[in-house]
Amino acid sequence: METRYNHKEIEEKWLKNWDEQKDFKPAGKGPHFSIVIPPPNVTGALHLGHALNNTIQDILVRYNRKLGKNTLWIPGTDHAGIATQAVVEKRLMQEEKKTRHDLGREELVKRIWKWKDEYETRITNQLKLIGSSCDWDRQRFTLDPICAKAVRHAFFNLFKKGLIYRGKRLVNWDTHLHTAVADDEIYHETVKGHFWTFKYPLADGSGYIPVATTRPETILGDTAVAVHPEDERYKKFIGKTLLVPFVNREIPVIADEILVDKEFGTGSVKVTPAHDPNDYTTGLRHKLPMINILNEDGTLNENAGEFKGLKGEKARAAVVEGLEKLDLLIKVEDHEMQIGKSDRSKTVIEPYLSDQWFVKMDMLAERAMQAVESGEVKFTPARYAKNYLNWLGEKRDWCISRQLWWGHQIPIWHLNNEELIINNEELKGVLDKCFANRSDVHYYKSENGEWLVCSLEEDLREDSIEGLKLERDPDVLDTWFSSALWPHSTMGWPGKTEDLKDFYPTSVLVTGRDIISLWVARMVVFSQENMAQIPFSDVYINPTILDGLGRRMSKSHGNGVDPLDIIEKYGADSLRFVMCSICTENQDARLPVKKEKLEDGREINISEKFELGRNFGNKLWNAARFLKPHITDMGHEKSCKSLNLENPDSDNLEDKWILSRLNTVIKETQKALANYRFSEYASLVYHFVWDDLCSRYLEIKKGEISKDSSALLSHSLYTALDLLHPIMPFITEELNAILFPNSQRLILREWPSANENLINAEIEKQFEDIFAIVEAVRSVRGRYSIAPSQKIAAIVRSSANLESCRNMIKDLSGLSEFDFGENLSNPAFSASAVIPSGEVFVPLEGILDKEKETLRLKKEIEKAESFIISLNKKLSNENFVKNAPASVIDGERQKLATQRDIVEKSLAMLKELEQ
RNA sequence: GGGCAAUUAGCUCAGCUGGUUCAGAGCGUCUGCCUUACAAGCAGAAUGUCAGCGGUUCAAAUCCGUUAUUGCCCACCA
């Protein structure tokens with residue numbers, strides 16, 4: 001074995017081995033444990049945030065596989081509708097100076113599939129190299145035929161139930177991508193704008209109402225001006241008629257106390273129902289006409305009269321200029337305001353009236369809320385349940401249509417009846433006749449009188465109805481629609497598949513907090529609707545990874561770090577170990593990153609943080625390297641028998657101690673994992689291996705390794721490899737193969753169980769007390785800079801019989817002589833220390849620095865005395881003695897006695913020194 | 001505006017059921033070591049008004065209130 005652990009070949013070797021042996025396939029005899037991956041978007045490659053998310057999932061999967069459960073992890077990717085189309089369109093523009101319209105729908109979609117193939121391959125490769133033990137044969141894509149079938153079924157069922165409807169609504173319109181986008185696909189930017197106040201002339205020419213606006217161009221779409229009913233200034237105008245400048249439309253002055261705040265601006269509001277959310281609801285309240293003044297690309301349309309064709313800032317400037325010319329402008333003020341921009345195209349979002357598809361959420365949301373309120377679905381950390389409930393509580397209908405080309409096309413066909421071939425009223429009869437025997441077709445008349453036909457079949461043909469043309473709705477579904485079905489669509493729903501029977505519902509969902517509402521909530525909704533059960537019982541929300549500046553690591557920020565960079569430099573196990581350590585209850589984890597140039601000229605991202613994992617792996621590697629010649633691989637069973645673990649006959653304190661430590665760690669590890677306390681899990685194993693096993697037990701035994709101690713050492717390491725395998729699968733599997741070649745591979749080997757009989761707090765304390773002697777001597781050594789190679793003598797005054805620990809103390813402290821006894825007198829010129837079991841003296845004639853020792857002792861005394869004061873204060877407090885539990889009081893008394901002992905003995909030492 | 005967090009060593013962060021096993025870890029710093037597994041290591045050491053203020057309690061880093069600063073989510077003002 002080499003002195004350093006070299007990850008590259010070993011990772012490759014085990015990836016191949018596990019794959020060949022089909023270890024990632026479910027094969028356990030126990031109950032099922034299943035996870036579906038949060039499918040990464042195919043917009044780009046994975047970053048460290050994904051590495052964290054998938055490391056946690058893999059830890060859970062590997063742990064449960066070792067517990068013997070029938071374990072399945074389904075991988076896959078998401079088509080990420082608008083995001084992917086935007087990325088591909090952007091590249092198309094950069095590289096070929098073409099828009100999607102130059103290509104056409106079919107060709108663009110073809111290009112996006114190519115992009116998808118490329119990135120899906122990259123993502124899959126990244127996941128594999130991290131060590132993700134997914135069943136790769138079950139890999140899904142949200143747009144593949146299996147998922148598409150689920151989408152059509154889900155849509156059809158909801159349509160049939162009347163839970164999906166079509167209507168003209170005000171939506172967020174992306175004028176660049178020509179599509180509706182969801183509220184959560186918008187970000188807000190604060191910009192410096194203006195606040196224009198102008199005169200709204202009365203139709204009879206008798207005056208005007210002053211009105212203020214930040215968007216003067218929308219005047220062209222005004223259909224009313226609203227004032228507060230109680231506003232003395234404007235009361236008299238209510239019911240009068242105004243004239244819209246430029247277009248000379250007559251509009252009413254209305255009273256509306258919801259829209260108007262008397263105190264704000266001029267106290268009067270122009271109402272543009274087709275281009276502002278508040279005005280829209282006002283328009284509905286007052287049954288105002290809604291005039292759309294925009295084209296899909298954001299330019300003003302024919303309703304804008306002379307301004308037709310202008311867009312954005314230009315349109316605004318032209319309208320302002322026009323107002324000025326008409327002498328209607330009163331004043332212009334600077335005004336800071338928030339504008340919505342599209343996440344994907346970075347262009348200004350326009351509120352826009354258009355026909356869209358919606359899911360009615362009230363009943364569905366209510367049911368999904370109950371699942372969490374009742375505890376059926378449990379969040380960890382628990383606080384995130386609030387996030388989920390708050391959002392669902394709004395019960396807003398979900399706009400599921402997008403005017404894109406990349407996605408699941410809505411399974412709806414419109415009847416083209418423009419030429420009124422048939423009287424609209426007679427259409428129902430025609431449809432009934434045509435689809436009478438079709439349970440896979442459903443239709444209804446929408447609120448605007450149009451007949452909509454929904455089909456489960458993929459290819460409802462254009463000529464299905466004689467004499468009438470069917471046209472498929474060009475819209476696609478919001479990407480979250482297919483994501484919402486992910487847990488059951490991946491398993492083959494609506495089929496009644498074996499997978500659904502064996503693995504549904506899934507065990508836990510591991511995801512980030514940013515998509516609790518977008519995704520987690522909707523999965524619960526759709527699982528309840530389609531499967532009549534919850535999709536998972538546990539939701540673990542992993543922390544968000546931030547860069548060194550505290551910004552969220554993400555593809556769109558461009559600050560994402562490729563996990564393969566980290567793997568290249570530190571190894572996959574190091575990456576995983578640090579990811580696991582990072583997962584505390586906190587919501588963020590900061591990860592300072594820097595660039596490094598490799599020998600081959602490539603520049604990669606690294607972070608010192610990962611040295612923790614690399615160093616730990618190396619430590620483990622070297623411990624194994626040292627033990628290798630001493631280990632006789634008799635197999636775990638025999639090894640345990642030879643140790644007689646049920647009733648160890650060894651009298652050695654350190655042997656009992658390491659067994660107690662080992663079993664404590666097994667127990668606590670199990671507990672940490674059951675509670676999703678990943679950081680604690682990593683820390684437990686780390687400190688057991690490094691501190692207990694290497695720094696102490698191994699150091700004690702290394703002088704002479706007997707048959708017994710080698711069995712115990714190998715047993716400890718053997719078990720530690722099991723405990724560590726879910727976090728660091730590669731190095732542990734390799735070491736297991738090197739040290740225990742006759743043993744089963746770790747990936748499938750049974751998880752160790754704790755033997756409570758071997759856990760002994762008393763032994764652990766005894767060991768610590770004795771180890772304090774070693775530490776006291778080492779401390780003296782450090783204080784006087786005595787090299788480890790220079791042997792010294794030490795004397796311990798203690799009533800304890802230290803005979804059995806003589807060698808251990810001598811070896812670990814580098815002693816040439818060691819005496820102990822109850823009545824030993826302390827040697828002259830010695831450095832000394834008080835320990836729980838007595839006093840330690842190190843004779844240092846010639847080099848003892850009295851001042852140094854005095855100072856140290858005084859400091860020690862000072863510390864103990866201040867402690868004594870606080871203990872006395874506490875113990876003399878009547879209320880404390882009366883109220884505190886007896887065990888706490890006893891503990892405090894014990895502490896007081898110990899501290900007094902320290903002071904007493906230290907004072908004696910001080911006196912001795914001064915002589 | 002509503003909600004959720006964070007503030008602990010120079011840095012990154014633990015600290016769950018309140019009690020000196022609780023004031024910690026890793027990195028960094030200082031001292032001494034190539035001690036026959038590991039210098040990616042070993043041994044020793046230094047470093048803190050637990051953000052401020054108030055409260056509850058016999059007892060507060062921990063519970064409550066409040067202020068400040070920071071971050072995130074949701075909703076948004078013509």
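Being a predicted model, the structure only gives us computed values, none of them experimental.
A cation-pi contact, defined as under 6.0 Å to the ring centre and within 45° of the axis, links A:R522 to A:W398.
Comparing A:Y686 and A:G267 along RNA chain B, the residue whose closest nucleotide (by nearest heavy atom) sits nearer the 5' end is A:Y686.
Atom NZ of A:K863 sits in a sparse spot, with 12 or fewer heavy atoms from other residues, nucleotides or ligands closer than 6.0 Å.
Residues A:R316 and A:R215 have side chains in contact (heavy-atom distance under 4.5 Å, counting atoms from C-beta outward). For the pair A:H7/A:D573, no side-chain contact is recorded, criterion being any heavy-atom separation below 4.5 Å from C-beta on.
The aromatic rings of A:W657 and A:F767 sit parallel to each other, their planes meeting at less than 30°, with 60° as the upper class boundary. Classified by interplanar angle (parallel below 30°, tilted 30° to 60°, perpendicular above 60°), the ring pair A:F616/A:W690 is parallel.
Rounded to whole angstrom, the span from the CG atom of A:L815 across to the C1' atom of B:U35 amounts to 14 Å. B:A37 atom C1' lies 16 Å from atom CD1 of A:I700, rounded to whole Å. Put simply, NZ on A:K882 is 12 Å from P on B:A59, counting in whole angstrom units. The distance from atom CD of A:E585 to atom C1' of B:C4 is 14 Å, rounded to the nearest whole Å.
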**Prompt:** Given the rule in the side chain to side chain donor-acceptor pair (under 3.5 Å) test, do A:S876 and A:K874 qualify, once you have shown the distances and angles that lead to the verdict?
**Reply:** CA-CA 6 Å; A:S876 61; A:K874 197 182 264 188; over 6 Å; no
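Stacking of A:F867 onto the six-membered ring of B:U20 is present: less than 5.5 angstrom between centres, less than 30° between planes.
Under the 4.0 Å criterion applied to side-chain N and carboxylate O atoms, A:E699 and A:K702 are assigned as salt-bridge partners. Salt-bridge formation is not detected for the pair A:R625/A:E2: no Lys NZ or Arg NE/NH1/NH2 atom is positioned less than 4.0 Å from an Asp or Glu carboxylate oxygen.
OP1 or OP2 of B:A75 lies within a sub-4.0 Å distance of a side-chain N or O belonging to A:R396. The shortest distance between the side-chain N/O atoms of A:K895 and the OP1/OP2 oxygens of B:U21 is below 4.0 Å. Considering only side-chain N and O atoms, A:N586 lies under 4.0 angstrom from the phosphate OP1 or OP2 of B:A14.
A distance of about 31 Å separates the C1' atoms of B:A46 and B:A59, rounded to the whole Å. Remark: the separation of the P atoms in B:G19 and B:G24 is 14 Å, to the nearest Å. Taking atom C1' on both nucleotides, B:A40 is separated from B:C27 by 13 Å, rounded to a whole Å. For B:A39 and B:A45, the P atoms lie 23 Å apart once the distance is rounded to whole Å. Comparing B:U17 with B:A60, their C1' atoms are spaced 14 Å from each other, to the whole Å. When the C1' atom is compared between B:G10 and B:C4, the two are found 30 Å apart, to the nearest whole Å. Annotation: B:C11 and B:G54 have their P atoms spaced 27 Å apart (nearest Å). Nucleotides B:A37 and B:C42 are separated by 12 Å at their C1' atoms, to the nearest Å.
When heavy atoms are screened at a 4.0 angstrom cut-off, A:N278 is found touching the sugar-phosphate backbone but no base atom. Base engagement by A:V260 is indicated by at least one non-hydrogen atom pair under 4.0 Å involving a base atom. Residue A:N883 is in base contact, counting any heavy-atom pair closer than 4.0 Å across all strands shown. Using a 4.0 Å heavy-atom criterion, one finds that A:S789 contacts no nucleic acid atom at all.
Listed nucleotides B:G32, B:A78, B:C58 differ in distance to A:F195; the shortest reach to its side chain belongs to B:A78.
Atoms SG and CG, from A:C694 and A:L620 in turn, are 7.5 Å apart once rounded to the nearest 0.5 Å.
Of all the residues in residues 606-613 of chain A, A:K609, A:L612 reach under 4.0 Å from RNA chain B with at least one non-hydrogen atom.
Annotation for A:D692 and A:R696: closest pair O-CB, 3.5 Å, computed over non-hydrogen atoms.
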**B/S/- contact track for nucleotides 38-46 of chain B, protein heavy atom under 4.0 Å** = B-BSSSSS-
**Fill in**
Here RNA chain B, pairs taken as Watson-Crick or G-U under 3.5 Å and shown with ( ), [ ] when crossing and | when to another strand, reads (((((((..((((.....[....)))).(((((.......))))).....(((((..]....))))))))))))....
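Here the two rings, on A:F678 and A:Y540, have centers that are under 6.0 Å apart. Taking the six-membered ring for Trp, A:F688 and A:Y686 have ring centres at least 6.0 Å apart.
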